[in-house]
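To keep things clear, I will list the structure first and then write my remarks on it.
Numbers for residues simply follow the sequence, beginning at 1.
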Amino acid sequence: ALNGVSQAPLSTDIETENTYSIYPNPAKNFVSISNTDTSLEITSLGIIDINGRAIKTVVFGNTSNNSQVNISDLSSGIYTFVISSNKGISVKKFVKQ
């Protein structure tokens with residue numbers, strides 16, 4: 001074991017993981033996040049690049065089932081959305097063209 005390194009498993013709730021869809025993927029300027037569970041409220045979204053660096057955080061003032069995120073300022077590549085909701089955190093990958 002390494003000192004100072006958490007051994008907690010990295011996981012997401014499979015139940016909430018399957019309620020989100022991200023489209024279009026790949027995308028150029030905007031990505032839409034749709035959520036089929038009406039009791040699930042998206043509160044914020046983090047964007048992480050392929051090297052694990054936090055690029056951007058979007059906080060949603062009015063939680064909703066459908067949100068649109070502007071990604072026009074990102075370089076082309078593979079990114080990860082870390083979606084925070086009232087029921088936990090989910091992770092989804094997307095490609096920026």
Side-chain angles (χ1 to χ4, degrees):
L2 297 173
N3 288 332
V5 176
S6 172
Q7 293 182 356
L10 296 176
S11 65
T12 58
D13 185 349
I14 298 299
E15 192 173 314
T16 60
E17 186 80 14
N18 294 326
T19 63
Y20 296 108
S21 60
I22 295 175
Y23 58 92
N25 192 5
K28 289 185 181 183
N29 295 315
F30 291 92
V31 174
S32 294
I33 302 169
S34 178
N35 160 20
T36 58
D37 182 351
T38 56
S39 68
L40 192 68
E41 299 173 347
I42 299 171
T43 55
S44 67
L45 170 85
I47 300 177
I48 299 171
D49 70 8
I50 198 162
N51 296 317
R53 291 180 297 222
I55 301 298
K56 185 184 218 180
T57 300
V58 179
V59 177
F60 298 104
N62 296 327
T63 55
S64 72
N65 292 343
N66 297 301
S67 302
Q68 194 173 59
V69 179
N70 183 346
I71 60 165
S72 62
D73 57 334
L74 300 179
S75 301
S76 296
I78 299 171
Y79 294 88
T80 302
F81 277 158
V82 179
I83 305 166
S84 298
S85 73
N86 60 326
K87 292 189 177 181
I89 296 173
S90 293
V91 176
K92 293 281 188 179
K93 289 191 177 187
F94 75 98
V95 176
K96 164 68 163 83
Q97 289 183 326

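- A donor-acceptor pair under 3.5 Å is absent between the side-chain atoms of Asp49 and the main chain of Ile78, judged by distance alone.
- Proximity of a side-chain donor or acceptor of Thr43 to a complementary backbone N or O of Ser84 within less than 3.5 Å is detected.
- Every residue meeting the side-chain contact (heavy atoms from CB on, under 4.5 Å) condition with Lys28, not counting sequence neighbours, appears here in chain and number order: Gln97.
- Side-chain contact check for Phe94 versus Val69: every heavy-atom pair is 4.5 Å or farther apart.
- Here the OG-CD distance, from Ser34 to Gln68, works out to 12.0 Å after rounding to the nearest 0.5 Å.
- Taking both residues in full, the closest heavy atoms of Pro24 and Ala27 are given as O-CB, 3.3 Å, listed atom of the first, atom of the second, then distance.
- Between the side chain of Asn25 and the main chain of Lys93, a donor-acceptor pair closer than 3.5 Å is present.
- Counting heavy atoms from C-beta on, the side chains of Leu74 and Ile47 come closer than 4.5 Å.
- Note: Tyr20 OH to Ile42 CD1 = 5.0 Å, rounded to the nearest 0.5 Å.
- Distance CD1/Ile83 to NZ/Lys92: 7.0 Å, rounded to 0.5 Å.
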In sequence, state the C-alpha distance, the side-chain angles, and the governing distance for Ser85 and Glu41, and then conclude on side chain to side chain contact (heavy atoms under 4.5 Å, CB included). CA-CA 5 Å; Ser85 73; Glu41 299 173 347; 5.8 Å; no
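- Atom-to-atom distance recorded for Ile22:CD1 and Asn35:CG is 11.5 Å, nearest 0.5 angstrom.
- Distance NZ/Lys87 to OG/Ser39: 2.5 Å, rounded to 0.5 Å.
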Please assess Val31 against Phe81 for the test side chain to side chain contact (heavy atoms under 4.5 Å, CB included), listing each intermediate value before the final yes or no. CA-CA 10 Å; Val31 174; Phe81 277 158; 3.5 Å; yes
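- Between the CD1 atom in Ile33 and the CG atom in Leu45 there is a gap of 4.5 Å [rounded to 0.5 Å].
- Annotation for Ile71 and Phe30: closest pair CG1-N, 3.9 Å, computed over non-hydrogen atoms.
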